[in-house]
Structure formats: structure tokens, C-alpha cells
S.K.: 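What follows is a single structure, and I will ask about it in a moment.
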Amino acid sequence: MLDIRRIREKESEVRQGLLNRGADVGLLDRVIALDRKRRELLTEVETLKNERNRTSRELGILKQKGEDISEKQRVMRELGDRIAALDRDVRTIESEMRDAMLLIPNVPHPSIPIGPDKSFNKVVRQSGEPRKFDFQPRTHVEIGERLGILDLRRAARMSGSGFPLFVGLGAKLERALIQFMLDVHVREHGYIEVWPPVLVNPASMTGTGQLPKLASEMYHIQSDDLYLIPTAEVPVTNYFREEIIERPLPIYLTAYSLCFRREAGAAGKETRGLIRVHQFDKVEMVKFVTPETSYAELESLVRNAEDILCRLGLTYRVIELCTGDISFSASKCYDIELWAPGQNDWLEVSSCSNFEDFQARRANIRFRDESGKPRFVHTLNGSGVACPRLVVAILENGQQADGSVILPEPLAPYMDGLTRLVPPVT
RNA sequence: GGAGGGGUGGCUGAGUCCGGCUGAAAGCGCAUGACUCGAAAUCAUGUUUGCCCUUACGGGCAACGGGGGUUCAAAUCCCUCCCCCUCCGCCA
């Protein structure tokens, strides 16, 4: 949610920012009009309430003295009616205003490229080069099925299309990746590990910005009004919802969780295999920081995610998203993409964003500055990283002509020393 | 799921039966000052949050789990929802 005062005082700046990301500025106009009307009504109704409070106090005293106050009560009743009517108007306006505010996206940071779509994104840096093959590289689906570690046919029978099913060493590999990533973030990067619920209430979904706009993207349990989380960002950011954080910032949290996405409308080659699935494992990083430090924190957040890929020896590049491509709640965002030879393409495995105080306002997460005044924190999050696509890259990059796959070295301790996946002899 | 108890400021905890000057006693904690070479102890003062008006000084409104109602007036009465605790039931 944007700061209404910022909208009042820097309207043109906010408007331009929203236009740059292709947002509906009509909502902004609506909010401005409602805000003006709201303050008008408040001034009026608060004056009346002041009068009521004063007179009520006097009536209490008069009544104790035994005087007849019925005539004055009658007058006051009329005053009460006027107040009630005005209060109703104020409440209506406030709820309309909130509804509109919740649908206005964040203002992009001035440093990011301006453009309507992802063709305006900027490659910031690349690590490694795409591997050259002396044979035709296979896709992870072919490799995984040949190794007997991936069984998408049975997954479809159990659940439908778009669900992963790892078997044997595949399941172990998935688990190894989760452990490895959590260990690196906790031991090397200073994060505290959290293991959150995967079902959350609507308030939490609203807090991070998934609701109201993205309702159709999520699985919803109607009988209990709970949502399956699309990312651990949701429960972990809501860790401090409705709180004034009383411990020193920054606070870094990391969490493994399952993530659930309906992916309604997604179709095409991406839907084959593990690249776009309804359920997947992900390790997420979330930061709560002071406003002054959030952009430096964004850079180190991206480095934390890159570190995982470096250690695994994978080729990746970092993309700075343009105004038209950043997500609803973000003001600046870097994506990290892995090279996947079987796809002959780059795969997004991480998205690292600074939300500034956009989520903190929705979720009401504050800290105290040096003077003790409550202020909204800045929140950030980044995937650190998403598992199935990581498996895709590991399989497709590590594949050998004989169908075996050489595993990244850091995984060995988590794989009981195993360094290579070999197809079963049939 | 059933029965009972409870949700008050950073914490503990009064007030709720019998509505009125209670944004809220008291204690703890915290901050500042005094005393002290310094510290402890002691004393004094201060110590919730949001919103509105105001250049400022300052003034006002709201909030005692959330929402609604009764009343001139609600932490206090009524309705409803949520959460926590205890016991019973069920259960990985």
C-alpha cells in the first residue's frame, strides 16, 4: 500500500511511476478524491463529537445533582443521529479508499529501466558460460526418466498434470538441495531458519500483496477460508504482522516450504516437465530492514542467492527487471536465471525484490527509530532458490553422453557421498 | 466437535456485578534529571498508538481482541465473530 501522504504531497511523481509500470491511474484519481472528501467529513464530525463529549460530561454531573435533563437528552439524541449519519459516510469512504489503495501497485524505484515489457529488462552480470556439448543434450525429463528418479506419468495419475514426483535418488536429491541451501544461508549468510505454515488466512495474503489481485492464482480452501501459499514469502513476511519489532534490525529469516500455484492459463512448452508445476519446493529469504539500508540489503540478498548457484557450479545471469515487468508489490527486482542446455534457454530460479514499505504498510510491520518513533520497516525477499528448476539445471548441465549425471560437489555430503547418478542396468 | 474459563498499555495486573471527568489504579521495566569521584540505592519527572485541524504554538477525534447494537454517555450492558487456556471427545 502506498502512503496516502506521499500521494497527497508528491502526486505527480507517484503518477509517473505508476504510468511507467503501465498501471491504472484511475484508481489514483479516485483515492485522491476520496481522501479529500474524507478529511472534509472528519473535520465536521469530530467537531460534533467534541460537543457531544463535553455535554455528556455535564449531563452526568447534572444528573448526579438530581436535575431534570430530559430536554437536554432530547437535543443530544438529535446530535447523536447526525454524528451516526456522518460516521457512516466516513466509514463508507474509508472502505472504498482502502479497496482502491489495495489495488494500486508499488511505485518503481527511479533507478530501474523504464519499459512496458520484459524486452526492456537489463542483464546486469553473468557467471559462467553455457556448456558446449559434443552430443545432443537431452531434456531433464528424458534424463530423469532414464535415471528412474522422475515419474511424471504416475504423478499425473495421482493428481493431474503439472505435479512433480521424485523417486529414489531423485527424492534424495531434492532433499539434499533443500538442506544444502538452508545450511548455507544459516551458516554463511546470517539467516534464522523458520519452518512456516503453508496454509494462511486472507489477512496474511493481503499483507504481502497476493490479495486481492491474485486470488485466481492461488489454491483456496473454501470450507476454512485458507489459502495454500504460493511462496514462503507470505507466512515469513507476516511473521511480524501487526507488530512493532522490538529487536535490532536487520532481521534475516530463511525458510523452506512447499509452494502451490494454480498457474491458470499457463500452457506451452514450459508446462512440460519440472519447469512450471503446481507444487514445488523452495527455500526463501526474507529481510526486515531500516528504510535507509534497503537498497544495499537488496544487493546482498541477490548475492546470497547467487552464492548458492556459484557453489553448485551453475551458469547463471542476473537480470534487472524494468518498470513493466516487476511484480505488483515490488519497487525494484532482480531475477536470476540458470542456463538449461536441454531447454536451450535461461530459467528463472530466483526473484529478489525490495518492497520498501509497501508490504509493511499493508501488514502493519514497524520498528522504532533512534528517537523511539514507530516507522514502517522495509521488507525484501528473494528465492534462495526454487528447487525443481534447480534440478532441471543440475540434470541438464551435468549430463554425460552415457546418460549419467555428475552432481555438483557440495551436494555429496547430503547424498551419502554420491557424486554421480547412473542409469540402472536393464 | 462438546463444556467451562479468559483476552485491558512494553510486562504483571486493578477496574466490568451497581455505565459518567478512567487512555485507564498499582507494581515492574524503560528514559531523563537530582544526589555521587562513579555505580547501586533513593527522590523527582516522564513513558501507548492512529487519525484530523494548525506555518508554528497548540487543539481535537478514536482505540481496553475484531465488528455491530443500546444510551445524552460504554473497558463496563446486549449481539456476533476471532484467538488463547482447562477438561471431555476424536486423531497422525
Side-chain angles (χ1 to χ4, degrees), chain A residues 1-10 31-102 195-207 211 221-227 235 238-249 251 258 288 357-377:
Chain A
M1 202 151 60
L2 297 178
D3 181 1
I4 185 64
R5 264 177 234 143
R6 180 177 176 197
I7 293 175
R8 264 181 226 150
E9 289 159 19
K10 299 187 172 170
V31 163
I32 290 165
L34 287 168
D35 176 52
R36 201 166 292 137
K37 184 70 186 164
R38 168 177 177 268
R39 285 186 290 156
E40 231 167 71
L41 288 177
L42 271 184
T43 308
E44 188 182 350
V45 73
E46 285 183 0
T47 309
L48 297 181
K49 282 183 178 173
N50 179 227
E51 190 184 331
R52 177 174 72 181
N53 290 346
R54 249 187 309 115
T55 314
S56 280
R57 236 170 285 143
E58 286 165 16
L59 288 188
I61 294 164
L62 290 178
K63 194 183 174 189
Q64 269 174 358
K65 287 183 186 162
E67 292 189 23
D68 176 30
I69 57 172
S70 53
E71 172 58 19
K72 289 191 164 107
Q73 280 178 340
R74 198 188 55 75
V75 175
M76 288 294 281
R77 208 168 305 150
E78 280 166 24
L79 181 64
D81 290 343
R82 281 175 64 199
I83 289 172
L86 285 168
D87 263 344
R88 260 193 300 278
D89 293 346
V90 170
R91 243 175 309 173
T92 306
I93 284 175
E94 283 179 346
S95 95
E96 285 172 359
M97 219 171 126
R98 183 176 163 78
D99 289 349
M101 292 281 275
L102 286 176
W195 194 95
V198 295
L199 281 167
V200 301
N201 57 33
S204 292
M205 282 297 183
T206 307
L211 286 180
I221 314 290
Q222 212 168 3
S223 54
D224 296 283
D225 198 15
L226 292 170
Y227 291 85
N238 278 280
Y239 188 94
F240 290 112
R241 180 152 57 84
E242 304 295 339
E243 288 189 39
I244 298 175
I245 301 175
E246 300 289 357
R247 43 174 138 155
L249 298 180
I251 295 169
L258 277 167
F288 302 87
D357 62 6
F358 188 84
Q359 292 182 326
R361 280 178 192 284
R362 293 175 157 243
N364 196 22
I365 304 170
R366 292 173 294 171
F367 74 107
R368 293 185 190 279
D369 64 18
E370 315 78 51
S371 69
K373 265 211 166 353
R375 284 173 69 193
F376 289 108
V377 299

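Proteins come first, then strands; the chains are lettered A, B, ... in the order of their sequence lines, and each starts at number 1.
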S.K.: With both distances under 3.5 Å as the test, what is the Watson-Crick or G-U wobble partner of B:rC87?
M.R.: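 Across any shown strand, B:rC87 pairs with B:rG2.
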
S.K.: Categorize A:Arg38 for me: base, sugar-phosphate, or nothing, with a 4.0 angstrom heavy-atom threshold over every strand shown.
M.R.: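 Sugar-phosphate, no base atom in range.
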
S.K.: Answer yes or no: does atom CZ of A:Arg368 have more than 12 heavy-atom neighbours from other residues, nucleotides or ligands under 6.0 Å?
M.R.: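 Result for CZ/A:Arg368: enclosed.
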
S.K.: If you check every side-chain atom of A:Arg5, which of B:rU48, B:rG20, B:rC51 has the closest atom?
M.R.: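 Looking only at side-chain atoms, A:Arg5 lies closest to B:rC51.
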
S.K.: Looking across every strand, which nucleic acid part, if any, lies under 4.0 Å from A:Leu42 by heavy atom: base, sugar-phosphate, or nothing?
M.R.: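 Here A:Leu42 touches the backbone only, sparing every base.
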
S.K.: How would you label the contact of A:Lys72 with the nucleic acid (heavy atoms, under 4.0 Å): base, sugar-phosphate, or nothing?
M.R.: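 Since no nucleic acid heavy atom lies under 4.0 Å of A:Lys72, the category is nothing.
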
S.K.: Could you please name the partner base of B:rA44, counting Watson-Crick and G-U wobble pairs only when both distances are under 3.5 Å?
M.R.: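 Here B:rA44 is engaged in a pair, and the nucleotide opposite it is B:rU32.
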
S.K.: When only distance counts, do a donor and an acceptor, one from the side chain of A:Glu246 and one from the base of B:rG10, lie under 3.5 Å apart?
M.R.: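 Counting by modelled atom types and ignoring angles, no donor-acceptor contact under 3.5 Å is found here.
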
S.K.: Measure CZ/A:Arg52 against P/B:rC21 and give the value in whole Å, please.
M.R.: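 Interatomic distance, CZ of A:Arg52 to P of B:rC21: 16 Å.
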
S.K.: Looking for any heavy atom pair under 4.0 Å, which part of the strands does A:Leu79 touch: base, sugar-phosphate only, or nothing?
M.R.: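 If one applies the 4.0 Å heavy-atom cut-off, A:Leu79 turns out to touch nothing in the nucleic acid.
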
S.K.: Given the rule in the salt bridge (Lys or Arg N to Asp or Glu O under 4.0 Å) test, do A:Asp81 and A:Arg77 qualify, once you have shown the distances and angles that lead to the verdict?
M.R.: CA-CA 6 Å; A:Asp81 290 343; A:Arg77 208 168 305 150; over 6 Å; no

S.K.: Kindly point out which of B:rG20, B:rA62, B:rU49 is positioned nearest to the side chain of A:Ser56?
M.R.: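 For the A:Ser56 side chain, the nearest candidate turns out to be B:rG20.
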
S.K.: With a non-hydrogen cut-off below 4.0 angstrom, is A:Thr55 in contact with a base, only sugar-phosphate, or nothing?
M.R.: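 A:Thr55: no heavy atom of the nucleic acid under 4.0 Å.
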
S.K.: Taking any heavy-atom pair under 4.0 Å as a contact, classify A:Arg247: base, sugar-phosphate, or nothing.
M.R.: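 No contact.
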
S.K.: With nearest nucleotides of RNA chain B determined for A:Arg366 and A:Arg91 from heavy-atom distances, which residue corresponds to the more 5′ nucleotide?
M.R.: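 Taking each residue's closest nucleotide, the earlier one in sequence belongs to A:Arg366.
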
S.K.: Of all the nucleotides listed (B:rU49, B:rC72, B:rC21), which has the minimum atom distance to the side chain of A:Ile61?
M.R.: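 Shortest atom-to-atom distance from the side chain points to B:rC21.
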
